[in-house]
2 protein chains.
Amino acid sequence: MTMNLSLTDIQQTFRDCGLKSTPQRTAIYQALVHSTAHPTAENLFTQVSPAYPMLSLNTVYYTLGVLRKAGLVQEVNVGHDRARFDANLSPHHHVICLGCHAILDVMDPRLNRLSSPLGIPKDFEITSHQVAFRGYCGTCRRSRSSMTTSPSGKRPAIQ
Amino acid sequence: MTMNLSLTDIQQTFRDCGLKSTPQRTAIYQALVHSTAHPTAENLFTQVSPAYPMLSLNTVYYTLGVLRKAGLVQEVNVGHDRARFDANLSPHHHVICLGCHAILDVMDPRLNRLSSPLGIPKDFEITSHQVAFRGYCGTCRRSRSSMTTSPSGKRPAIQ
DNA sequence: TTGCTACATAGGAATCATTCCTAAACAGGA
DNA sequence: TCCTGTTTAGGAATGATTCCTATGTAGCAA
């Protein structure tokens, strides 16, 4: 997501976090770092599988859990379908397409300095905030305007 | 959540939306309207069950789906645990406690007028946005500071 | 280099929220 | 009052995620 991390960079990152560096773990993290699509665990599994045919989806979940605890990865919420992951650690926000569920990063720095909200208990300590913009991407807008009378509501088409 | 809706108000609301008014549906919606806790489907089931012992959790899900499609209810995302629901229709934002997963409404009107974000495709049409503040409520802060050496991460304690 | 040990992996089974299916009940209009 | 389409309830199905466990292996120390 962020910059291009080489293999040795990733291994260094793991070492800094006290994580063992295994081929599977490296491949999964590398795939996530180089993606802008906020992939699901299964997306990552599909992407990494060809190189590691024995890879288990289980391992992907375990690895994502480890990386999350190490602070290298965050989970992104888009409805209550499957979890999606992001290795972009700099503070940022998201734009979510209600049609195809695509997630785009928004790096607009103005959004990072919202004043703390009015009307919450004084002893509530805010540690972070994130803005989620929702709407329709160009592709989904065009396909929506062309289906004149369809009353349907949902048509999933991940990414 | 919003104001105190009487039973007849609710029946009128249903009629306006073209929804049949059944005792179960009324009870579920009433429970949600009068709650500030953003309950789950199961919370609502538990709350309404005593008055309707035959009530099915299924019906709660079905009803919430119907109300959502009618625009009377919205789903709130807090991680990928269970879905939580909100009958507060005015634009508002949320403060989420990372300790006990409580959700508070934030009605701060300044947050409703964020300028549209920089750096997204021109043909992306934003229809809404919502700010999620995360942190720790007073209770969770106090219990966290008292557990001096516990390295644990998660301790769920819904609402 | 070799061994040890704790952490990783893979596979299968379990969990659990949510959805699907279906027959019976019922709200609301004719 | 009757009819029809919606709603309800119950059970079964789905599907993402987690749990369990035996085997494998990275990284450290001798």
Side-chain angles (χ1 to χ4, degrees), chain A residues 7-8 10-29 39-46 48-49 51-70 73 75-85 101 151 153-156 158, chain B residues 7 10-29 39-46 48-49 51-70 73 75-85 101 151 153-154 156 158:
Chain A
L7 211 121
T8 42
I10 289 182
Q11 289 170 347
Q12 185 58 50
T13 303
F14 285 170
R15 225 171 287 127
D16 294 346
C17 295
L19 300 177
K20 286 189 181 174
S21 173
T22 71
Q24 293 94 328
R25 181 171 292 176
T26 306
I28 292 165
Y29 182 56
T40 64
E42 193 158 24
N43 293 151
L44 290 167
F45 175 70
T46 304
V48 174
S49 267
Y52 297 89
M54 299 300 287
L55 182 69
S56 152
L57 179 54
N58 236 325
T59 300
V60 178
Y61 276 109
Y62 177 78
T63 301
L64 288 170
V66 166
L67 296 177
R68 182 162 42 75
K69 278 174 206 143
V73 151
E75 223 177 289
V76 183
N77 305 320
V78 197
H80 282 274
D81 45 2
R82 53 199 82 175
R84 298 179 62 169
F85 296 88
H101 298 180
K154 280 188 169 178
R155 39 198 66 211
I158 290 295
Chain B
L7 212 121
I10 289 182
Q11 289 171 347
Q12 184 59 51
T13 303
F14 287 169
R15 224 170 290 126
D16 293 345
C17 295
L19 300 177
K20 285 191 181 174
S21 174
T22 70
Q24 293 95 326
R25 180 171 292 176
T26 306
I28 292 166
Y29 182 57
T40 64
E42 193 158 24
N43 292 151
L44 291 167
F45 174 70
T46 303
V48 175
S49 268
Y52 298 88
M54 298 302 286
L55 181 69
S56 153
L57 179 54
N58 235 325
T59 300
V60 178
Y61 278 109
Y62 177 78
T63 302
L64 288 170
V66 167
L67 296 176
R68 183 162 42 73
K69 278 175 206 142
V73 151
E75 222 177 290
V76 183
N77 304 320
V78 197
H80 282 274
D81 44 2
R82 53 199 80 175
R84 299 180 61 170
F85 296 87
H101 298 177
K154 280 188 169 177
I158 291 297

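We name chains A, B, ... by the order of the sequence lines, and we start the count at 1 in each one.
When the nearest nucleotides of DNA chain D are assigned to B:P53 and B:K20 by heavy-atom distance, the more 5′-ward of the two goes with B:K20.
With C:dG12, C:dG28, C:dA8 as the choices, the nucleotide that has an atom nearest any side-chain atom of A:N58 turns out to be C:dG12. In this structure, the nucleotide among D:dA9, C:dA8, C:dG11 sitting nearest to the side chain of B:M54 is D:dA9. Residue B:T59 places its side chain closer to D:dA9 than to any other of D:dA26, C:dA10, D:dA9.
A donor-acceptor pair under 3.5 Å is absent between the side-chain atoms of B:R82 and the main chain of B:A41, judged by distance alone. Between the side chain of A:R68 and the main chain of A:E75, no donor-acceptor pair closer than 3.5 Å is present.
Between B:L67 and B:F14, the shortest heavy-atom contact is CD2-CE2, 3.8 Å.
When the P atom of D:dA26 is taken as reference, atom CD of A:Q12 falls 18 Å away, rounded to whole Å. One can place CZ of A:R25 at 13 Å from C1' of D:dG27, the figure rounded to the nearest angstrom. Following rounding to the nearest Å, A:L19 (CG) and C:dT9 (C1') show an atom-to-atom distance of 15 Å. Between the OH atom of A:Y62 and the P atom of C:dA10 there is a distance of 12 Å, rounded to whole Å. If you measure from atom CD of A:E75 to atom C1' of D:dT18, you get 13 Å, rounded to the nearest angstrom. Residue A:F45 contributes atom CZ, which lies 9 Å from atom P of C:dA10 at whole-angstrom precision. We find that NZ of B:K69 is positioned 13 Å from C1' of D:dT7, with the value rounded to whole Å. When rounded to the nearest whole Å, the span between CZ of A:R15 and P of C:dC7 equals 18 Å.
Between A:Q24 and C:dA10 there is a side-chain N or O to OP1 or OP2 distance below 4.0 Å. In this model, the phosphate group of C:dA8 is not approached by any side-chain N or O of A:T63 to a distance below 4.0 Å at OP1 or OP2.
A:V60 is not listed as a side-chain neighbour of A:V48, based on a closest heavy-atom distance of 4.5 Å or more.
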Close N/O contacts between protein and nucleotides 13-17 of chain D (under 3.5 Å):
residue	atom	partner	partner atom	Å
D:dA16	OP1	A:R82	NH2	2.9
D:dT17	OP1	A:A83	N	2.7
D:dT17	OP2	A:Y61	OH	2.2
D:dT17	O5'	A:Y61	OH	3.2

- Message: Assess the residue pair A:L44 and A:T63 against the criterion (side-chain contact (heavy atoms from CB on, under 4.5 Å)); give the C-alpha distance rounded to whole Å, side-chain angles, the decisive distance to 0.1 Å, and a yes or no.
- Response: CA-CA 11 Å; A:L44 290 167; A:T63 301; over 6 Å; no

- Message: Walk me through whether A:Q11 and A:L7 qualify under side-chain contact (heavy atoms from CB on, under 4.5 Å).
- Response: CA-CA 6 Å; A:Q11 289 170 347; A:L7 211 121; 3.3 Å; yes

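Side-chain contact annotation: B:N43 with B:T46, donor-acceptor N/O pair under 3.5 Å absent.
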